[in-house]
Visitor: 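Can you read through this structure? Questions will come right after.
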Amino acid sequence: MTHFFFCLETYAVIFLIVTDMPVQKVNDSSDLDAKVPAHLQRTSITGLTVTSDPSHRCVKARVVHKGPVISCAQKDGIEMLRAEIREEDLPQSTAEHTSINVIFFGTLAKDFSQSVRQGDVVLLADFTIRKSPSFLRDKLHPCQLEMDGIDACVYVCPSAAPSQGPSCSEAKYTYVPLNNLKHKTVVNVYGVVTFFKPPFPSKGSDYCSALKITDQSDVKVSCNIFSKKLEDHPVIFRVGDIIRLHRFKAETFNDSMTLLNTYGWSAVTFDGIIDSPVAPRTSSKSFHFGESDKNTVQELRQWAASQSLISNDPTVSLSSVHPGMYFDLTCQLLAKAVMDSRCILLKVWDGTKCEHPLLKVAVASDALEGESTVAKDRMNLTANVLVYDNHMETAQDLKPGTFLRFYNLRSLLQRAPDQQPDQAEHLSFHLHGGTTYGRGLRSLPAESPDLQSLKSVLENHVDLDEYDEVNDGTLLEIWYTPPEAVVLPNDEEPDGEADTGLSYTVRTCEHNTQQLTLARVKRSTPPLSCHVRARVKKYHPQQLYQCLKLFCSKCKTMKDVPDDGAVAKVFRESARENQPCDEQWAATSSASSREAGRTISMHISRDMVGQSTHMQLIFVEGTTLDEICVLSRDYKNLVPVRSENGRMALMDLTAPFLFSGDKRYYGCKRCSLNTFENHVFTGVETYDGQAVAEALGVQMMQYGLLIQFELDDGTDTLEALLWENAEKFFHVSAVDASGSQDLQDKIQTIMDTVQPPQSSLEERPWLDLCLSVYNVKDDDRNKVCYQITNSEIREE
DNA sequence: GGTTAGGGTTTG
């Protein structure tokens, strides 16, 4: 028994010591200043930066938010508490960053939680200053204070008890109940907002705000406010807000009273939440605001709560949005992008998960302002809101991180561009043009009372995100350690060789992008450039001659190089019953072929007669494919032609329009004009494929190499094209390869190294590759494509 | 000391 009591007492004593040390109470705010130990110097919250020297400094501020004590799993379960404090006795009231987050750790967190209430004034000493991880979200302060360690201490002055009775200050203004308005009188009124439209340009010179208000008399009165300056319009966030109007003229219109602002008018608004601080919102430089105003606001709040005004709140979270709704959405802006002159995209979230898949709107990453939403997209948290017409003006000015509210937002089911017909449709959001039904959007100050719950929801998500990032990084490392199968039993290959060892390719790009796993690449949003390390699982075409392609840069047609059978057929058909053509500009020599009735003719421009045969452009008529191939051993540039009503014409473009040594040049059937004019051949000194093509009115097709690799890095597989970068990759020119068995063999050798026949994946070399990830429209569907860029075979 | 608008069955 004795032993038991002894233990209890010891525990209590320790507890007292621990709690007494860090948080000390004083009775008056001015005592706080006296409490400042001599070695400490008071510093202003607004001036704190991460580089500020925190030693021997302290801050004094009011606690405006106090969070719960939480146990932080990532930090060995240490207890933490977040509070927000605001500096009040500042010389200039407009200073930025007067509020700051403070994180209390360990026993200090528990003690602060027990000893300090919201509204208390505190003095904090010996804190650490760190970059605020939540600045983008809460806009409070670029830094946060951390109270940790033995020196950190808190002095607290509890806030005064709620004031007793009415203040002695006299009411300077009288307010007319809304049922007592008289025509053509100028009045002051108080009311609860039951409807409001954002300011819109009138046909006159001003913006016009239209609203409807009511009070305990239950009369609803319309009110119009005209002002050139947008910032002078009342700051209304939602139906249920309280508004005070000074110097408004009452007028009868359509059998009811309306209110119109007159000279010297002012409008002040308050939120309608019972028990929230009565904080006036206005742009007026000076306005009277006293104890009686507070009372009036509180009374109106109480009355409004009993009415159906607020219960008709159209505010809906993303988790409860249904298709076809019109609703208000309170959210945070993540990113934005101008779509066209009448539409801007706002990517927002409210931390809740939508039941319907959310429509993804693809935007080039350089057109997007703000953070990447990839992680949130994946969790179905990002709402893409298309904002039209008059609302663009407001949307343009919003900065990512801003809290905002959409009014009368429309949700619609839409089929995504790349979506299969059997999949669920996606939810899109439109803020249509116009202001009917109060349609619009506006930013909300981060300290808005009705944002607090939203902010805490977002806060939880961000923690998840950060955790996710850490995990991904860890996974990355794990993936790059070679799988056990790679480690050779005879230890010929040092450990981790596959991981960090020599790659059969080198990257030639200058950008320094992080290396990603294929699994990660597949989750990314195009467009994107990234680095990967992978092996080739398969490639197509296996018959490598099929990788040689013809490509028209004009119409983008791509086709295989015609095989000799098809070309020979064109020659045979052109030669059949061919009568040599007769052109004034040409010198012609003809000979009989071995076949009866077929004449072979060769034409050259008259002004080229006598030049070297290598300089001559020779038009050949009536040959077979084999014959022109024989001729091309002796003549550099041969253009196969046929006769059409005695005039020279090109053959069908299935056949090459030019034989030049080992190379054959083809024209695009779709884009070639086939204008055959003699004068264009004179005065040309050298003939390359392009020059001849231009002279003949042919759109020349380019040679290219196209191979599809199936890449594998153990995390996933991915099909990547080698096309634009293929010539550099192989160190081979496609057009040269078209006429060279040696070069074709070189490509085959490289492919046999990348993917040795009958080899297992683990035996194949790793390739360091730069990948380009991009969208391609295919039959009106968006398809993500991967292309190997900036990568080459390593040549010793 | 003038004018604007005066909510509304919305739409990409």
Side-chain angles (χ1 to χ4, degrees), chain A residues 178 181 183-186 191-214 219-230 232-234 236 238-241 243 245 247-265 267 309 312 314 316 321-329 337-346 359 361-363 383-392 395 406-417 425-441 780:
Chain A
L178 294 175
L181 298 176
H183 184 59
K184 295 213 169 183
T185 57
V186 173
V192 184
V193 176
T194 62
F195 171 81
F196 69 103
K197 261 187 186 194
F200 58 93
S202 71
K203 292 197 178 72
S205 57
D206 298 341
Y207 282 98
C208 175
S209 287
L211 48 136
K212 197 163 252 182
I213 59 173
T214 187
V219 168
K220 288 197 175 67
V221 174
S222 291
C223 175
N224 289 309
I225 298 164
F226 293 98
S227 175
K228 280 183 184 49
K229 291 185 192 164
L230 274 175
D232 287 347
H233 283 258
I236 303 169
R238 65 193 312 160
V239 165
D241 280 356
I243 190 163
L245 303 173
R247 297 196 61 79
F248 274 63
K249 188 163 74 180
E251 277 182 339
T252 312
F253 177 79
N254 278 352
D255 299 328
S256 56
M257 278 295 168
T258 62
L259 290 163
L260 197 62
N261 56 327
T262 63
Y263 301 94
W265 68 281
L309 285 168
N312 293 337
V316 164
V321 173
H322 296 298
M325 276 174 87
Y326 288 94
F327 65 104
D328 291 358
L329 177 69
V338 174
M339 305 297 284
D340 59 53
S341 64
R342 297 186 64 189
C343 180
I344 187 165
L345 169 71
L346 297 184
L359 187 77
V361 179
V363 178
N384 286 292
V385 181
L386 293 165
V387 174
Y388 296 97
D389 300 338
N390 56 313
H391 307 300
M392 284 184 78
F406 292 99
Y407 305 93
N408 197 236
L409 186 62
R410 179 87 201 270
S411 66
L412 268 185
L413 276 186
Q414 258 174 266
R415 199 164 285 287
E425 290 189 301
H426 291 216
L427 208 53
S428 64
F429 300 92
H430 301 261
L431 189 72
H432 298 300
T435 56
T436 49
Y437 286 93
R439 193 181 306 129
L441 76 165
D780 272 331

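Labels below follow one simple rule: chain letters A, B, ... track the order of the sequence lines, proteins then strands, and each chain is numbered from 1.
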Visitor: Rounded to the Å, how far apart are A:Lys228 NZ and B:dT4 C1'?
Guide: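 Distance, rounded to whole Å: 10 Å.
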Visitor: Does A:Lys212 place a side-chain N or O at less than 4.0 Å from the phosphate oxygens OP1/OP2 of B:dG6?
Guide: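 Answer is no, no contact under 4.0 Å.
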Visitor: Mind listing the closest non-hydrogen atom pair of A:Leu427 and A:Leu413 along with its distance?
Guide: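 The answer is CD1-CD2, 3.8 Å.
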Visitor: Which of these nucleotides, B:dT4, B:dT10, B:dT11, is closest to any side-chain atom of A:His432?
Guide: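 Given the options B:dT4, B:dT10, B:dT11, the side chain of A:His432 is closest to B:dT11.
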Visitor: Rounded to the nearest 0.5 Å, what separates atom NE2 in A:His426 from atom CG in A:Asn384?
Guide: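 Output value for this atom pair is 11.5 Å.
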Visitor: In whole angstrom, what separates A:Gln414's CD from B:dT11's P?
Guide: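 Taking CD of A:Gln414 and P of B:dT11, I get 16 Å after rounding.
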Visitor: Can you name the nearest heavy-atom pair linking A:Ser411 to A:His322, along with the distance?
Guide: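 Looking at all heavy atoms of both residues, the shortest contact is OG-O, 2.7 Å.
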Visitor: Measure from the side chain of A:Cys208, starting at C-beta and using heavy atoms only, and say which of B:dT10, B:dT3, B:dA5 lies closest.
Guide: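 For the A:Cys208 side chain, the nearest candidate turns out to be B:dA5.
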Visitor: Let me know the distance between CD1 of A:Ile236 and P of B:dG7, rounded to the nearest Å.
Guide: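 Going from A:Ile236 (CD1) to B:dG7 (P), I get 15 Å.
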Visitor: May A:Phe226 be described as stacking on the base of B:dT3, applying a 5.5 Å centroid limit and a 30° limit on plane angle?
Guide: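 Stack criterion not met.
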Visitor: Rounded to whole angstroms, how far apart are CH2 on A:Trp265 and C1' on B:dT4?
Guide: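 These atoms are roughly 14 Å apart.
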Visitor: Output yes when at least one side-chain N/O atom of A:Lys197 is less than 4.0 Å from OP1 or OP2 of B:dG8, else no.
Guide: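 It does, given that an N or O in the side chain of A:Lys197 lies less than 4.0 Å from OP1 or OP2 of B:dG8.
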Visitor: Has A:His430 got a side-chain N or O lying under 4.0 Å from the OP1 or OP2 atom of B:dG12?
Guide: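 No, because none of the side-chain N or O atoms of A:His430 sits under 4.0 Å from OP1 or OP2 of B:dG12.
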Visitor: What is the nucleic acid contact for A:Tyr207, judged by heavy atoms within less than 4.0 Å: base, sugar-phosphate only, or nothing?
Guide: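 Here A:Tyr207 touches no strand at all.
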Visitor: Nearest whole Å is fine: how far is B:dA5 P from A:Leu211 CG?
Guide: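 The distance from CG of A:Leu211 to P of B:dA5 comes to 16 Å, rounded to the nearest Å.
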Visitor: Under 4.0 Å, heavy atoms only, any strand: does A:Asn254 hit a base, just the sugar-phosphate, or nothing?
Guide: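 No contact.
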Visitor: Find the distance A:Phe200:CZ to B:dT10:P and express it as a whole number of Å.
Guide: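 Rounded to whole Å, this separation is 19 Å.
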Visitor: Identify whether any heavy atom of A:Asp340 sits under 4.0 Å from a base atom; if not, whether one sits that close to sugar-phosphate; answer base, sugar-phosphate or nothing.
Guide: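 It contacts nothing in the nucleic acid.
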Visitor: Among A:His430, A:Arg439, A:His432, find the residue that satisfies the side chain to side chain donor-acceptor pair (under 3.5 Å) test when tested with A:Tyr388.
Guide: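 Only one of A:His430, A:Arg439, A:His432 forms a side chain to side chain donor-acceptor pair (under 3.5 Å) with A:Tyr388, namely A:His430.
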Visitor: How is A:Leu260 classified with respect to the nucleic acid when contacts are heavy atoms under 4.0 Å: base, sugar-phosphate, or nothing?
Guide: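 Touches a base.
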Visitor: Please state how far atom CG in A:Leu359 lies from atom P in B:dG12, giving the value in whole angstrom units.
Guide: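 Taking CG of A:Leu359 and P of B:dG12, I get 16 Å after rounding.
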Visitor: Check whether the side chains of A:Thr258 and A:Glu251 place a donor and an acceptor atom closer than 3.5 Å, and report yes or no.
Guide: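 Distance-only check fails for A:Thr258 and A:Glu251.
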Visitor: Verify the stacking flag for A:Phe195 against B:dG7: centroid separation must be under 5.5 angstrom and the ring planes must differ by under 30 degrees.
Guide: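 Here the ring of A:Phe195 and the base of B:dG7 are stacked, with centres under 5.5 Å and planes under 30°.
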Visitor: Taking the same atom, P, in B:dG6 and in B:dT11, what whole-Å distance lies between them?
Guide: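 Result for the P pair: 16 Å, nearest Å.
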Visitor: May I ask you to test the A:Asn224-A:Leu211 pair for a side-chain heavy-atom distance under 4.5 Å?
Guide: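 No, too far: nothing below the 4.5 Å cut-off.
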Visitor: Rounded to whole Å, how long is the line connecting atom OH of A:Tyr388 with atom C1' of B:dT11?
Guide: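 The answer, rounded to whole Å, is 9 Å.
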Visitor: Assuming nearest nucleotide by heavy-atom distance, tell me which of A:Tyr263 and A:Thr258 is located more 5' along DNA chain B.
Guide: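 Residue closer to the 5' terminus by nearest nucleotide: A:Tyr263.
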Visitor: Picking from B:dT10, B:dA5, B:dT3, which would you name as closest to the side chain of A:Ser205?
Guide: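 Nearest nucleotide to the side chain: B:dT3.
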Visitor: If we take the P atom in both B:dT9 and B:dT4, what is their distance in whole Å?
Guide: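 Approximately 23 Å lies between the P atom of B:dT9 and that of B:dT4.
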